[in-house]
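Read through the structure below, which is laid out as structure tokens, and then see the notes.
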Amino acid sequence: MNSSQSLALDQEGNDLWETIKEIVSLGFNQSLSQHDRDTLALRIFRWQRSRCSAINRVAMAFGVDDQVDPQDPLSAIVGIPTDAYKTSRISCFSKEYTQRTFYTSGTTKEVKGVHEFANLDLYDQVIDVIAKQCLLPREGYRFVLLAQDPRENPHSSLGYMLERLWKQNTVDPTARPGMIENNTIAVERARASFQRSVVDQIPLAILGASFGFVHLHDALGDDEHWKIPDGSVIMPTGGFKGKSRELSSQELFDLIAHRWEVPRTSIVQEYGMTELTSHAYEHIPNRYICPPWMIVTAVDPESLAPKPLGEVGVLRVIDLANIGSCVAVQTADLGRVYADGFEVLGRVAGATPRGCARGIDAVLSHD
Amino acid sequence: MTDARISHILQVISDLSQNSLASAIDALTQDGPMTEPMARWALDTTLARYSQKSLEQIARYPVEEFCNQRCAVLLAQSVAVAPLRAIIVPYLHGAASVLVRASSNQQHFVSLIVQLFSKYTDVVRLWSSGSSQQFVASLPSENVACLVAYGADETLEKIAANLDRSIGLYAHGHGWGTIIVDQESVQTNLAYYANAIARDVAHYDQHGCLSPQCVLLIGDREFSLEFCGRITQQLDELSVILPRYSLSMQESAMCLQWQGTMAARAHWFRRGKQHSIALLTEREWTTSPGWRNIPVIQLESLDQAHQLLAPVAHWLTTIATTDTLMPSVLPQGAKARLVPVGQMQNPPLDGDGYEDPRPCYTPINKR
């Protein structure tokens, strides 16, 4: 273990860290039982409550007590809302040990959520293991990345993840896969990448932010399209965040299918967020599958009780790899959970208070 | 003419409180968002304001723009009883006709009011032929001289930009209210003030632009904790007497995000049966998603309250306060009405029925 990491956490934290790394290393085909997984989640949550006063306050506020139903360990866990990452430090180690900080995306006026890491080894391991199973199963790909270069934006978890995916899976480490430079699309280099892939039939991985796909599409000519090789994969993720015109999911898929002549099954959406370590990928259209150490539940937002399978609730994510912050994150996404994965229905509209919108802007922009 | 109109108005009021009471309650609960007890309370308090004496008092100060002119009223989604005043005021001031377009989401109560007026006069008419934009565009053909419009700032600006130049505009924008109280006054009667603040929060579930978005409490930490505890008790009691509207999944999810965020950062937080309250000690303006979620910001002086309100003073419609603070509570730049705590939802009826004294919304006469 990295020495900084071992200092950042106490003995229990380091034990948990090693346990989770072992679980992640076993990948998707492992025998981690639901009970063991849930018991471990509770152990992590209790440890985090002892290390982060904000997590403890939320647990107390929502009535989580120490009387746990042994048949349902998850009932003693409450998710930290994603919005809380904007106003409270959700970290289980001293700030002096922070090695990397990721911020949520948004406009310059908006307060951003913060997720600090004392060590990125587990983060890297999670990226690699999940991608090999769900996104990039082949030996090597050419890459086109539609996100800001981490050197331009070191605080983007998406940029970090995409660069990692490229480094671990590229056939050409000398290539420049990033196609967004200084907030513009490097359209000529993108064209060259598509053409090269068509010629040498090495599968292409076009990964990036949804708004990046829109900008690329708008920069290309109407008649430009490529029949990219079989085995290629296209991964749009996240919303448009005001950085491009908005498209519906179907419009985005149609745009992708037109440009690169791929079936819907070659488009693999990712569900992740800055506040988490792990993420999920589609295994069939709009049905996401989690790694064994991640649990997505649709909860009733008033009672916090899990909804039965197939019913709409607000998604709560338990991510055992999220050791440095909070194992449970309460999202603002509506969705349904099924036996074979979960479905995302959309983000709850922003909690703008009723009243003068301009007054809200004044509040949000006032320091 | 005025005597006849006062008589008509009083007959409509009487109908609403007696023969058409059930229809009125039904209409309000359909328009929402209101429970039946809230609808009954809203009707009782609203109708009680219209008496022979109060109407004569209003009529004593004629408004030229209405007298003998054809007027239009464009309503926006707001507290469901608001249309009553919006229709009565121009009618009382002698409008030759009052053409009303209801909000698409709140049509039932307006339809009932117009129907009741039609028993006594043909001056008040309902326009239901299309969108609000089509309504505004039709006004010249209706020979309308004056438009009373309710809505968000952006909506009102668009209306002002597109309105025929021959038509005067009374614009009522959205805004928000706040409560400012001092320990010295409050501790003379803790129960009274806790109840009054709880009522201001609970009335219309913080839905209207007269509702408090936060409470600024000038006092020490110990007192603030005690007082917040009392307020939460009162809000719990009100959840039985005046239950909150049943929230949608999206609304609940927004509240959950706010509550968890507050729980993480607040000095003290309680999640009650149908409310939440957070005591904050950092001097930062904090808004609320409404639905009886109230931040209480502890301050040391009225100066601190003024500094906190300075960026948003322009949008303040109402400040509820104590007798002690009343003479000096108004922040610079604010034109809010000042009322005793517990009276926020009791705006004046005089003149245009200004409940919004902010300078940007003074009447724009014919241009």
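Residue numbering restarts at 1 for every chain, and letters A, B, ... go by the order of the sequence lines.
Proximity to chain B is absent for every atom of A/I55, based on heavy atoms less than 4.5 angstrom apart. Contacts between A/T331 and chain B at a heavy-atom distance below 4.5 Å involve the backbone alone (N, CA, C, O). For a residue to count as touching a neighbouring chain, one of its non-hydrogen atoms must lie under 4.5 Å from one of that chain's; by this rule B/A266 touches chain A with the backbone only. With a threshold of 4.5 angstrom between heavy atoms, A/I80 does not approach chain B through any atom at all. Using a 4.5 Å cut-off between heavy atoms, A/Y85 does not touch chain B at all.
When each of A/D83, A/V348, A/V314 is tested with B/Q257 by the rule side chain to side chain contact (heavy atoms under 4.5 Å, CB included), just one qualifies, namely A/D83.
Taking B/E251, B/M262, B/R270, B/M249 one by one and counting their heavy-atom pairs under 4.5 Å with chain A, the maximum is reached by B/M249. Between chain A and the options B/R271, B/R265, B/Q259, heavy-atom pairs under 4.5 Å are most frequent for B/R271. Top candidate by heavy-atom pairs under 4.5 Å with chain B, chosen from A/Q330, A/R57, A/M60, A/R89, is A/R57. Put simply, of A/V78, A/I90, A/V312, A/T82, the one with the most heavy-atom pairs under 4.5 Å next to chain B is A/T82.
Within 6.0 Å of CD on A/E96 lie more than 12 heavy atoms contributed by other residues, nucleotides or ligands.
Of all heavy-atom pairs between B/G260 and A/A84, the closest is O-CB, 4.4 Å. Shown here for A/S88 and B/A264, the closest heavy-atom pair between the two residues is OG-CB, 3.5 Å.
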(request) In sequence, state the C-alpha distance, the side-chain angles, and the governing distance for B/T261 and A/K86, and then conclude on side-chain contact (heavy atoms from CB on, under 4.5 Å). (result) CA-CA 8 Å; B/T261 302; A/K86 297 178 183 178; over 6 Å; no
